[in-house]
2 protein chains.
Amino acid sequence: MANLKPTVVVIEDDPPIRRFLRTGLSTHGFTVYEADSGRQGIIEAGIRKPDLIILDLGLPDVDGVEVIKTVREWSAMPIIILSARSAEQSKIEALDAGADDYLTKPFGLGELLARTRVALRHWLRTPEQNPTGEFTTGNLRVDLINRWVHVGDQEVHLTPIQFRLLSMLVQNAGKVLTHHQILKDVWGPSHTESSHYLRIYMSQLRQKLEEDPTQPKYLLTESGVGYRLKV
Amino acid sequence: MANLKPTVVVIEDDPPIRRFLRTGLSTHGFTVYEADSGRQGIIEAGIRKPDLIILDLGLPDVDGVEVIKTVREWSAMPIIILSARSAEQSKIEALDAGADDYLTKPFGLGELLARTRVALRHWLRTPEQNPTGEFTTGNLRVDLINRWVHVGDQEVHLTPIQFRLLSMLVQNAGKVLTHHQILKDVWGPSHTESSHYLRIYMSQLRQKLEEDPTQPKYLLTESGVGYRLKV
DNA sequence: TAATCCTGTAATCAATAGGTTACGTTCGTG
DNA sequence: CACGAACGTAACCTATTGATTACAGGATTA
């Protein structure tokens with residue numbers, strides 16, 4: 001969804017309001033899918049996996065609160081309620097059933113859009129929505145963002161320098177990095193001649209990551225040049 | 001039952017409404033701190049590190065939108081707006097400045113409480129996307145919404161800071177958090193260098209949560225980097 | 001095959017970072 | 001205003017990390 005348009009499923013039985021929502025939302029960058037009943041809405045939400053649901057409480061077939069509960073059984077996606085019912089008890093029920101916001105008709109398009117922005121802001125903050133910087137080759141898995149390394153299903157602990165070194169290799173996986181480049185990046189520009197540091201830490205990494213450190217499968221030496229992470 | 005009550009900072013200059021909020025919120029399980037001006041409210045939010053801010057837009061000294069922006073410079077905590085202004089433009093400005101919800105006066109206490117529950121639900125949403133807000137690993141169970149911690153079938157009492165620290169780790173379970181990140185979030189932006197605080201409280205958490213505090217299974221140290229809650 | 005260069009590994013030691021205890025102060029509650 | 005809980009601070013001790021030295025293996029070449 002990062003560079004695509006956000007998608008929304010509108011569940012609303014009244015055709016004029018549906019048209020109002022369709023034009024308003026699509027001219028503001030949404031891809032809009034529509035449903036005119038609760039049953040249809042639940043199906044649509046399941047198929048489209050939208051970034052947002054806009055739901056009218058007063059549907060002909062199912063009670064809106066039931067729709068909320070059904071969706072919440074399998075997803076935490078944002079749900080914004082539109083309703084003609086302004087009674088407080090109705091709001092409380094919908095919100096406690098799992099809705100994220102509640103607008104009473106009549107409402108302005110500007111406010112609705114502002115509240116969709118709030119809902120999407122919340123939703124985007126959840127970590128598993130964000131891409132992970134995970135790298136895999138063979139039975140070696142590295143997550144640069146969460147900062148862990150797995151060999152098989154075993155977690156491996158690395159010291160800060162070891163991790164920086166591996167991190168640089170991962171970010172240039174497949175390419176050969178010269179001693180000079182690595183030393184400059186990991187130890188800083190004042191240590192570009194201390195190539196024995198590099199050998200020692202490379203050895204430590206192999207001890208921790210390679211099945212047979214004497215026959216490395218991932219951390220390869222390019223003699224006279226540098227090192228390379230095999231992909 | 002609950003480990004400790006959630007805290008809220010109420011920023012409102014009108015004494016009758018302030019009293020209404022104080023009694024309403026505290027009888028429903030909140031610890032309430034009050035401020036009668038924007039300036040004071042920002043300070044209070046920084047000191048108390050509440051779970052929620054309730055903010056009146058019509059303050060005598062600072063514009064409410066400025067208060068939102070100032071808080072958002074260093075925290076993503078939920079902010080619910082109360083306002084006499086029902087104009088759509090006012091709502092849009094506040095929501096886009098970073099507010100999470102907007103209620104127009106007059107409003108009912110029931111609706112306000114329902115909307116606080118929504119805000120806290122968003123704020124506490126764990127990476128697992130657990131709808132109940134409960135987190136489990138090994139024999140450690142944490143419920144961020146109801147605020148209790150169990151080790152085995154034994155309830156454990158935590159102090160406010162201890163709970164905030166654990167809460168942050170739970171919300172980022174699996175990830176390494178740097179000293180800096182934790183200090184900023186738990187103690188506030190002015191304590192980012194006081195890393196010995198962190199060590200002491202981490203030690204206290206281990207005493208309470210780990211079977212063998214010298215060999216932690218959950219609260220892991222990433223030496224030279226920070227800490228991590230193992231999943 | 002001897003010399004040389006590049007590479008890998010082990011062991012040591014100092015510096016830094018982390019863990020724990022104890023104690024004084026503050027703050028909220030009754 | 002007295003009590004206890006929670007917090008901040010200092011001091012001390014332990015563990016981890018990183019730098020460094022020394023040495024061993026292996027390949028290339030004269």
Side-chain angles (χ1 to χ4, degrees), chain A residues 147 156-166 176-180 182-183 186-188 190-210 212-228, chain B residues 3-5 7 9 22 26 30-34 44 46-50 147 149 156-166 169 176-180 182-183 186-188 190-210 212-228:
Chain A
R147 208 181 186 294
V156 177
H157 173 80
L158 298 183
T159 72
I161 287 192
Q162 289 165 4
F163 190 84
R164 270 218 302 282
L165 175 54
L166 179 61
V176 178
L177 295 171
T178 64
H179 302 141
H180 201 83
I182 299 175
L183 285 162
V186 177
W187 277 268
S190 55
H191 291 72
T192 49
E193 302 309 319
S194 329
S195 54
H196 55 290
Y197 286 15
L198 180 50
R199 272 184 238 121
I200 290 167
Y201 278 87
M202 203 51 106
S203 160
Q204 293 172 358
L205 274 185
R206 282 174 178 155
Q207 301 292 335
K208 290 185 175 181
L209 305 180
E210 294 281 359
D212 178 1
T214 63
Q215 300 275 314
K217 291 196 299 181
Y218 308 125
L219 303 166
L220 306 185
T221 301
E222 295 289 335
S223 198
V225 186
Y227 293 91
R228 184 166 64 94
Chain B
N3 202 300
L4 39 85
K5 299 189 277 186
T7 60
V9 166
R22 176 172 60 240
S26 59
F30 282 89
T31 300
V32 183
Y33 299 103
E34 300 175 32
E44 204 69 14
I47 297 171
R48 305 297 183 180
K49 309 282 159 31
R147 291 180 165 259
V149 179
V156 177
H157 173 79
L158 298 183
T159 72
I161 288 191
Q162 288 165 4
F163 188 83
R164 267 217 302 284
L165 176 54
L166 179 61
L169 289 164
V176 177
L177 295 172
T178 65
H179 303 139
H180 201 83
I182 299 175
L183 286 162
V186 177
W187 277 269
S190 55
H191 290 73
T192 49
E193 303 307 320
S194 326
S195 53
H196 53 288
Y197 288 16
L198 180 51
R199 277 187 231 118
I200 290 168
Y201 278 85
M202 206 48 125
S203 162
Q204 293 171 357
L205 274 184
R206 281 174 178 154
Q207 301 291 337
K208 290 185 176 181
L209 305 180
E210 293 281 359
D212 178 2
T214 62
Q215 300 274 315
K217 291 196 300 181
Y218 309 125
L219 303 167
L220 306 185
T221 301
E222 295 288 334
S223 197
V225 186
Y227 294 90
R228 186 164 64 92

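Since the model is a prediction, treat every value here as computed from it, not as a measurement. In what follows, chains carry the letters A, B, and so on, assigned in the order in which the sequence lines appear, proteins first and then strands, with residues in each chain numbered from 1.
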Requested in this report: For nucleotides 15-30 of chain C, just jot down a letter per nucleotide in 5' to 3' order: B, S or -, based on protein non-hydrogen atoms under 4.0 Å.
Outcome: --SBBB-------S--
Report task. Measure from the side-chain N and O atoms of A:K217 to the backbone N and O of A:E210, and report whether any donor-acceptor pair falls under 3.5 Å. Result ->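 A pair under 3.5 Å: no.
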Requested in this report: May I ask you to decide if A:H157's main-chain N or O and A:K208's side chain share a donor-acceptor pair within less than 3.5 Å?
Outcome: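 Checked: pair present.
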Specify the separation, in whole Å, of atom [atom1] of [X] and atom [atom2] of [N].
X	N	atom1	atom2	result
A:Y201	C:dT9	OH	C1'	14 Å
A:L165	D:dG18	CG	C1'	14 Å
A:E210	C:dG8	CD	P	12 Å
A:D212	C:dG8	CG	P	13 Å
A:L198	D:dG18	CG	P	14 Å
A:K208	D:dT17	NZ	P	7 Å
B:I161	D:dA5	CD1	C1'	13 Å
A:H157	D:dA15	NE2	P	15 Å

Are the side chains of [Y] and [X] in contact, using a 4.5 Å heavy-atom criterion?
X	Y	value
A:L198	A:L165	yes
B:L166	B:L209	yes
A:W187	A:R164	no

**Report entry** Atom pair CZ/CG of B:R228 and B:L220 - distance to nearest 0.5 Å
**Finding:**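 Spacing of CZ (B:R228) from CG (B:L220) equals 5.0 Å.
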**Report entry** Closest contact, heavy atoms only, B:Q207 versus B:P213
**Finding:**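 Shortest heavy-atom separation between B:Q207 and B:P213 comes out as OE1-CG, 3.8 Å.
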**Report entry** Degree of bending, the helix from C:dT1-D:dA30 to C:dG30-D:dC1 (end axes from five pairs; round to 10°)
**Finding:**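 About 30°, once rounded to a multiple of 10°.
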Query raised in the report: Which is true for A:H191 with a 4.0 Å heavy-atom rule: it touches a base, it touches only sugar-phosphate, or it touches nothing?
Result: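 If one applies the 4.0 Å heavy-atom cut-off, A:H191 turns out to touch nothing in the nucleic acid.
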Requested in this report: Could you give me the CA-CA distance, side-chain angles and deciding distance for B:Y218 and B:R206, then say whether side-chain contact (heavy atoms from CB on, under 4.5 Å) is met?
Outcome: CA-CA 9 Å; B:Y218 309 125; B:R206 281 174 178 154; over 6 Å; no
Query raised in the report: Charged N to carboxylate O under 4.0 angstrom, B:E44 versus B:R48?
Result: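 Result for this pair is yes, salt bridge flagged.
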Query - N or O in side chain of B:W187 less than 4.0 angstrom from D:dC7 OP1/OP2 - result: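 No, outside the criterion.
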